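Okay, so here's the structure we're looking at.
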Amino acid sequence: MRILILGGTREARELADIASGERGFDIVSSLAGRVRQPILPAGQVRIGGFGGVDGLRSWLAKNGIQAVIDATHPFAGGMTANAAAAATSLGLPVVHLRRPAWTEQAGDNWIRVPYLVVAAETVAGLGDRVFLTVGRQGVAAFAESEQWFLIRAIDPPECAVPKRHEVLLARGPFTVADEVELLTDRRIDALVTKDSGGTLTEAKLTAARELGLPVVMIDRPRLPEGATQVETVAAAWDWLLRQAR
Ligand code: NAP
């Protein structure tokens, strides 16, 4: 069975690892090409956009894909919508692998917001020094802010950035001890993050709790109406096995 895994996440790589090692599955993973030195999944990999829903539909048909697993990041809403639309229009099964969102615990001070622009407005009232971990593409929403920002991303932002900032290039996982040290050293007043979920970048939330700092948490975009969702790699693999029967 020929499968497309839309990737760019650890879960997508784990699934590609499992499925590529199984007889009867021919896996192609797709990456957007945003990160300069991506961690490549096992098996075949293609890199770059498809050209919207139409481009993806043609690509799926031309490459004989029989099922699609959208294992993109929870905030890759455009790719998710395109995957659902293109696969459905061809009558192909499609599943969305979304790790669970983070949940607030005792001692947390989270302010949930729907979009980046609302996050920028909200954090403006929370002190001068902000830790921003919204991915380099998200930084533009803060470009007009007067506050000082510690911007952490895998690659440097190429968009407009706030006047007062420091860029810290790093890729998770991060430890709680390192995050506490970073927040303390940079005298951070508040954090802004997307609700990515998962353990890779969760330590900053524990660190914020320990230091009593507020967190502006940006909610995920919704999945398309009627979409099938699974939350773990194991569940996505089960789904795939069911399609193969
Ligand atoms: P997006 O806004 O949903 O996608 C914009 C366009 O980028 C899509 O329409 C598609 O172009 C192309 N694209 C996105 N993911 C692709 C993939 N896996 N393979 C081929 N083309 C892809 O996505 P994004 O938020 O920019 O994220 C891009 C990639 O980074 C995703 O693969 C995602 O898993 C990963 N990522 C995103 C975040 C985040 O916070 N957004 C965090 C970590 C990793 P066409 O329309 O031309 O097909």
Side-chain angles (χ1 to χ4, degrees), residues 3-16 27-63 65 68-87 89-90 94-99 101-102 113-117 119 132-142 151-159 169-174 191-202 204 216-224 227 229 233 236:
I3 312 292
L4 173 66
I5 300 178
L6 294 162
T9 58
R10 179 164 70 175
E11 290 83 351
R13 287 192 296 277
E14 286 176 5
L15 189 60
I27 304 293
V28 185
S29 292
S30 175
L31 302 178
R34 298 273 192 279
V35 176
R36 285 178 193 166
Q37 292 182 311
I39 307 171
L40 292 177
Q44 293 175 59
V45 181
R46 65 161 304 284
I47 298 182
F50 297 92
V53 179
D54 290 344
L56 178 57
R57 194 170 32 227
S58 311
W59 190 93
L60 292 171
K62 201 167 143 198
N63 287 273
I65 298 294
V68 177
I69 299 183
D70 165 32
T72 55
H73 189 270
F75 280 82
M79 189 69 252
T80 290
N82 290 356
S89 73
L90 291 171
V94 54
V95 72
H96 303 273
L97 168 54
R98 285 286 169 285
R99 61 181 90 125
W102 285 318
V113 297
Y115 310 111
L116 279 163
V117 280
L132 192 59
T133 60
V134 294
R136 62 181 182 143
Q137 298 175 90
V139 174
F142 299 81
I151 300 167
R152 185 167 70 192
I154 296 176
D155 291 316
E158 287 168 349
C159 58
L169 299 182
R171 194 194 307 245
F174 306 102
L191 286 72
V192 181
T193 183
K194 294 173 172 175
D195 188 356
S196 300
T199 54
L200 215 56
T201 58
E202 194 180 19
K204 64 190 167 200
V216 177
M217 182 68 71
I218 304 166
D219 283 334
R220 301 166 164 205
R222 290 218 179 121
L223 282 178
Q229 180 185 1
V233 172

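It should be emphasised that the depicted structure is a prediction, and the values quoted were computed from it without experimental measurement. Just follow the structure's listing: the first ligand is 1, and inside any ligand the first atom is 1.
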For [X], the ligand 1 atoms whose distance to one of its heavy atoms is below 4.0 Å:
X	result
G52	45 (P), 46 (O), 47 (O), 48 (O)
G77	3 (O)
S30	17 (C), 18 (N), 19 (N), 20 (C)
Q137	26 (O)
G49	11 (O), 21 (N), 45 (P), 47 (O), 48 (O)
N82	9 (O), 46 (O)
G48	20 (C), 21 (N)
K194	39 (C), 40 (O), 41 (N)

What residue and heavy atom of the protein are closest to [atom], and at what distance?
atom	answer
atom 28 (C) of ligand 1	A32 CB, 3.7 Å
atom 23 (O) of ligand 1	A76 CB, 3.5 Å
atom 48 (O) of ligand 1	F50 N, 2.6 Å
atom 44 (C) of ligand 1	G8 O, 3.4 Å
atom 47 (O) of ligand 1	G51 N, 2.8 Å

If you compare all heavy atoms of [X] against all heavy atoms of [Y], which two are closest, and at what distance to 0.1 Å?
X	Y	value
C159	A140	SG-N, 3.6 Å
D195	W102	OD1-N, 2.9 Å
G33	I47	CA-CG2, 3.5 Å
A85	V53	CB-CG1, 3.9 Å
L31	P38	CD1-CB, 4.0 Å

**Study point:** Validation row: F142, I151 side chains within 4.5 angstrom (heavy atoms)
**Key:** no
Check your understanding: Would you call T80 and R98 a side-chain contact if the rule is heavy atoms closer than 4.5 Å?
Key -> yes
Review point. Between H73 and ligand 1, is there a nitrogen or oxygen pair with a distance under 3.5 Å?
Key: yes
Check your understanding: Looking at ligand 1, does any of its N/O atoms fall within less than 3.5 Å of an N/O of T72?
Key -> no
Hey, looking at [atom], which of [options] has the closest heavy atom?
atom	options	value
atom 6 (C) of ligand 1	R46, R34, M79	R34
atom 34 (O) of ligand 1	A71, G138, G7	G7
atom 2 (O) of ligand 1	G78, S29, A153	G78

Exercise for review: For side-chain contact (heavy atoms from CB on, under 4.5 Å), just list the numbers for F50 and M79, CA-CA rounded to whole Å, side-chain angles, deciding distance to a tenth of an Å, and then say yes or no.
Suggested key: CA-CA 10 Å; F50 297 92; M79 189 69 252; 4.1 Å; yes
Check your understanding: Would you say the side-chain atoms of R99 and T9 include a donor-acceptor pair closer than 3.5 Å?
Key -> no
**Study point:** Distance-only polar pair, side chains of T199 and R10, donor-acceptor under 3.5 Å
**Key:** yes
Practice item. Just let me know how L31 lines up against ligand 1, side chain, backbone, both or neither, with a heavy-atom cut-off below 4.0 Å. Key: backbone
Study note, to complete from the structure: Result for side-chain hydrogen bond (donor to acceptor under 3.5 Å, both in side chains) between T133 and one of K194, K204, R152 points to K204
Exercise for review: May I ask you to check whether over 12 heavy atoms, not counting those of R36, lie within 6.0 Å of atom CZ?
Suggested key: yes
